[in-house]
Protein chains: 2
Amino acid sequence: MASHGTRGRSGGRPTLEEVAARAGVGRGTVSRVINGSPRVSDATRAAVEAAVAELGYVPNTAARALAANRTNAIALVVPEPETRFFAEPYFSDILRGVGAELADTEMQLLLIFAGSDRERQRLAQYLAAHRVDGVLLVSVHADDPLPDLIAQLEIPAVISGPRSAAETLPSVDSDNYGGARSAVEHLLARGCRNIAHITGRLDVYGAQRRVDGYRDALLAAGHEVDELLIVQGDFTEEGGQRAMRELLARSPVPDAVFAGSDVMAAGARQTLREAGRRIPDDVALVGYDDSAIARHMDPPLTSVRQPIEEMGRRMLDLLLTEIADSRPAASRGLERRQVVLATELMTRASA
Amino acid sequence: MASHGTRGRSGGRPTLEEVAARAGVGRGTVSRVINGSPRVSDATRAAVEAAVAELGYVPNTAARALAANRTNAIALVVPEPETRFFAEPYFSDILRGVGAELADTEMQLLLIFAGSDRERQRLAQYLAAHRVDGVLLVSVHADDPLPDLIAQLEIPAVISGPRSAAETLPSVDSDNYGGARSAVEHLLARGCRNIAHITGRLDVYGAQRRVDGYRDALLAAGHEVDELLIVQGDFTEEGGQRAMRELLARSPVPDAVFAGSDVMAAGARQTLREAGRRIPDDVALVGYDDSAIARHMDPPLTSVRQPIEEMGRRMLDLLLTEIADSRPAASRGLERRQVVLATELMTRASA
DNA sequence: AGGTACCGTGGGAGCGCTCCCACAGGTGAT
DNA sequence: ATCACCTGTGGGAGCGCTCCCACGGTACCT
């Protein structure tokens, strides 16, 4: 008693036992009340709740985790090597969505960086130690071993964009295909006839889908797809510049460019300006993401908006049901575990 | 045994006891090795380390937290009501700095949102329950009760910008005063003679300091400070526009504007453009933050860069020492607990 | 030789909770 | 009346660790 009892004393955090004594009931009963078990009489419940309030009791997470063998925590894994990823609002918005949804739960959110090898090492340990009940994976690359590791460890997880059409992990994504189609259809409706596409990194599935959308929009309108008008970018501004320079070398020069991201669009704009081409008179420009860059570009950039915050919310939703399902030998159905959310074209001066 | 032993089984996570058995030592010894105690012979240490490696032992955080009465977790509290705050790179960069520094420790990072009242309620509970060893507070307002609550609970904390000159909490900040001075000095060196300042919200201490820097730069150069050239903004784009309109009504119209943030500078640019004023020929423009907006503005914006990532790193550093100090009845000296980092003026076409 | 000091070590107790078994008391069927 | 079966409850055991006391051993003093 002596040795331990005095250790962390200061405010004297009350324990379950103290609440039980105060309420004149047993420890088990208090636990049941705290955890919302129905097998408690109304009178007892009221007494316990009163005691909890009087004592200002707050359950000790560590003890709970230890005894129950669960953590009540989920991890958001950030594959940080990409500085760009962080700078874009994407991450913040996902986070905000997750945070909003999280407020309704008892879960806590752990942020884990998996940029360096050392950090990945640590992450693997984390996961091996089952220190979280579930994992949220944002912006994983096609060749990332992480998802497989997680699947193997049987840790519930949700991924922010499927890695391929055959993704097995639950995922939440926006409609990249539809978003791209709407962008191209807008350009067509505007009268553009020679529409180019600067793609993102094609090892990102979403970028592929945008190319698909671009193609199908043209085909559906009865146009041919000129493969020379599809130039590969890499989501960076420099990539956008390079791609645009390539496109300016084509003849005829395209009268519209659909860029796979706002940042690439910014690069393209740069190159267009240097070449003395006006936007949108000479070349109409559409981006993707509807980031701050789009709104502040000159001229303001028409861009495809993704409901990113909503994506964050849905990711957490999905993860929580995954976790719940995994508790008692779950049904493991292939239900609605792939969520796709609609995009919206934000029309501005550039197209 | 039966009832509990079978519970979470699946991979069979090894325990301290198992490692001890394997290494042929006692539980206490393994614990000492794990925790890097020096009071272990080399031979024993080696044996234990071998056993740990063979078994793939990973300590159970919950058990550790329970027994040791510490959590090995720190919280980053996000006062989320401000959407803007999230959208700016500020947050991401702080986070990256914290994350980088975190990789060297055993600490885990909890992200807590304190936007809504409900979330703040939850946060208070968290803190009351001492579920974290320390708290990182970013962008708190002068009137926020949170810092006081935290101080009262005697939870180690670091704040990202002092709330006033008399801040008692440890803090990390950039040199707002010096940054503002360098901006104004640059404009003076450029030949501008009529330099206006659009301030941030003056209940933010950093915004006040920028005003101070603006004033002193002028005075030091032997100029008078025209109070009419100091217009209050609120860190928003609209605020920047409003302020700029006010300034355009002055006579003479200033030949330079130092805006307290890039976003406000963007607003000012908008208004200047509408008024047909050229940047920098008619009016030179300098912003603050060196955000993505600055680089993408037309013309690119000269802006004061803060070493935000470094700030994140230093915040974590400070917090860890605070935590370490608080363990054994600490010295509580008033040492270097207020860190101020230098800024850098990024010169671009706008000034 | 005896004493004192320390080192490295083993293991008991205890952290605050959940889980589950046991049991009292009630209710309905037999 | 007996039995079966509920519901509500109390409390033991145990989760995996840290802390600390106790102990045998060695080294150095007197």
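Worth knowing before you read on, the calculation uses all heavy atoms, side chains too, and leaves out hydrogens, waters and symmetry mates. Residue numbers begin at 1 in each chain, while the letters A, B, ... track the order of the sequences.
Between A:Arg313 and A:Glu309, at least one side-chain nitrogen of the basic residue sits less than 4.0 Å from a carboxylate oxygen of the acidic one, meeting the salt-bridge criterion. B:Asp143 has no carboxylate O lying under 4.0 Å from a charged side-chain N of B:Arg163, or vice versa, which leaves the two without a salt bridge. Ion pairing of A:Arg314 with A:Glu101 is absent here, as no side-chain N (NZ or NE/NH1/NH2) approaches a carboxylate O to less than 4.0 Å. Using a cutoff of 4.0 Å between basic side-chain nitrogens and carboxylate oxygens, A:Arg122 and A:Glu119 are not scored as salt-bridged. Here A:Arg120 pairs with A:Asp144 in a salt bridge; the nearest charged N to carboxylate O distance falls below 4.0 Å.
When rounded to the nearest whole Å, the span between CZ of B:Arg64 and C1' of C:dG14 equals 18 Å. When the C1' atom of C:dG16 is taken as reference, atom CD1 of A:Ile34 falls 12 Å away, rounded to whole Å. Note: CG (A:Leu66) to C1' (D:dG14) measures 9 Å, nearest angstrom. Taking atom CG of B:Leu55 as the reference point, atom C1' of D:dG16 lies 15 Å away to the nearest angstrom. The distance from atom CD of B:Glu17 to atom C1' of C:dG11 is 9 Å, rounded to the nearest whole Å.
Side-chain nitrogen and oxygen atoms of A:Asn60 include none within less than 4.0 Å of the OP1 or OP2 phosphate oxygen of C:dC15. Between D:dT18 and B:Asn69, no contact under 4.0 Å exists linking OP1 or OP2 to a side-chain N or O. OP1 or OP2 of C:dT18 sits under 4.0 Å from a side-chain N or O of A:Ser31.
Using a distance-only test at 3.5 Å, with no hydrogens or angles considered, a donor-acceptor pair links the side chain of A:Asp133 to the main chain of A:Asn72.
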Under 3.5 Å, which protein N or O atoms sit close to an N or O of nucleotides 6-10 of chain C? Give each pair with its distance.
residue, atom, partner, partner atom, Å
C:dC7, OP2, B:Arg39, NH2, 3.2
C:dT9, OP1, B:Ser41, OG, 2.9
C:dT9, OP1, B:Thr44, OG1, 2.1
C:dT9, OP2, B:Ser41, N, 2.9
C:dG10, OP1, B:Gly26, N, 3.4
C:dG10, OP2, B:Gly26, N, 2.7
C:dG10, OP2, B:Thr29, OG1, 2.5
C:dG10, N7, B:Arg32, NH2, 3.2
C:dG10, O6, B:Arg32, NH2, 3.4

